[in-house]
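Shown next, in structure tokens, is the structure this report addresses.
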Amino acid sequence: MPDYSFFDNVYDVARQIPAGRVTSYGAIAHYLGTKGSSRMVGYAMQASGAAHPPVPAHRVVNRQGLLTAKAHFGGDTMQRLLEAEGIKVKDDQVQDFKTVFWDPSIELAL
DNA sequence: AGAGTGACTGCAT
DNA sequence: AATGCAGCCACTC
């Protein structure tokens with residue numbers, strides 16, 4: 001009786017993001033087929049805090065590699081989590097973003 | 001049932 | 001090149 005929702009789909013992809021890598025909302029949206037709705041992905045992430053198992057939302061950043069979700073995590077929690085996985089973050093921005101970028105539409109397409 | 005909100009992105013100026 | 005505006009879909013009140 002699973003009341004599946006678009007959110008569940010987003011969570012599933014987010015949980016597949018390997019440690020030390022990050023992706024963008026648009027990339028996930030595109031993989032889900034709703035590339036025009038990148039907002040929905042971020043919106044789903046907001047509810048990810050209530051998702052089980054927990055979703056590594058800290059690995060999801062905006063198109064610029066900016067930690068837009070940091071404010072929602074509270075303090076520097078997001079940046080701390082990323083650095084703990086080997087991702088370098090400076091001024092709320094992911095360093096070597098294109099290097100650590102993980103595109104589900106490509107990685108999961110294999 | 002209708003209107004509002006939102007952790008974004010792309011195009012236009 | 002940089003800034004501003006509009007679009008988009010699902011969820012909640």
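As a basis for the values below, the full set of heavy atoms in this structure was taken, side chains included, without hydrogen atoms, waters or symmetry mates. Here is the naming used below: chain letters follow the sequence lines, and residue numbers restart at 1 for every chain.
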- Does any non-hydrogen side-chain atom of Phe97(A) lie less than 4.5 Å from one of Val22(A)? yes
- When the distance from OH of Tyr25(A) to C1' of dT9(B) is rounded to whole Å, what number comes out? 13 Å
- Close side-chain approach of Met78(A) to Val61(A), heavy-atom, < 4.5 Å: yes
- Would you mind telling me which residue lines up with the more 5' stretch of DNA chain C, Ser38(A) or Phe6(A), judged by nearest nucleotide? Ser38(A)
- Specify the separation, in whole Å, of atom CG of Leu67(A) and atom C1' of dC8(B). 15 Å
- Item | Candidates dA7(B), dC11(C), dC8(C) - which lies nearest the side chain of Ser37(A) | dC8(C)
- Task: Could you check how far CD of Gln46(A) sits from P of dA10(C), rounded to whole Å?
- Result: 17 Å
- Task: Return the set of residues passing side-chain contact (heavy atoms from CB on, under 4.5 Å) with Ser24(A) (not counting sequence neighbours), or none when no residue passes.
- Result: Ala27(A), Arg63(A), Phe101(A)
- Task: Measure from the side-chain heavy atoms of Arg63(A) and tell me the nearest of dA7(B), dA10(C), dG10(B).
- Result: dG10(B)
- Item | Asp103(A): salt bridge (Lys or Arg N to Asp or Glu O under 4.0 Å) partners, not counting sequence neighbours | none
- Task: Give the rounded distance in Å between these two atoms: CD of Gln79(A) and P of dA7(B).
- Result: 20 Å
- Task: Report the residue (Arg39(A) or Tyr43(A)) whose heavy-atom-nearest nucleotide on DNA chain C is the more 5′ of the two.
- Result: Arg39(A)
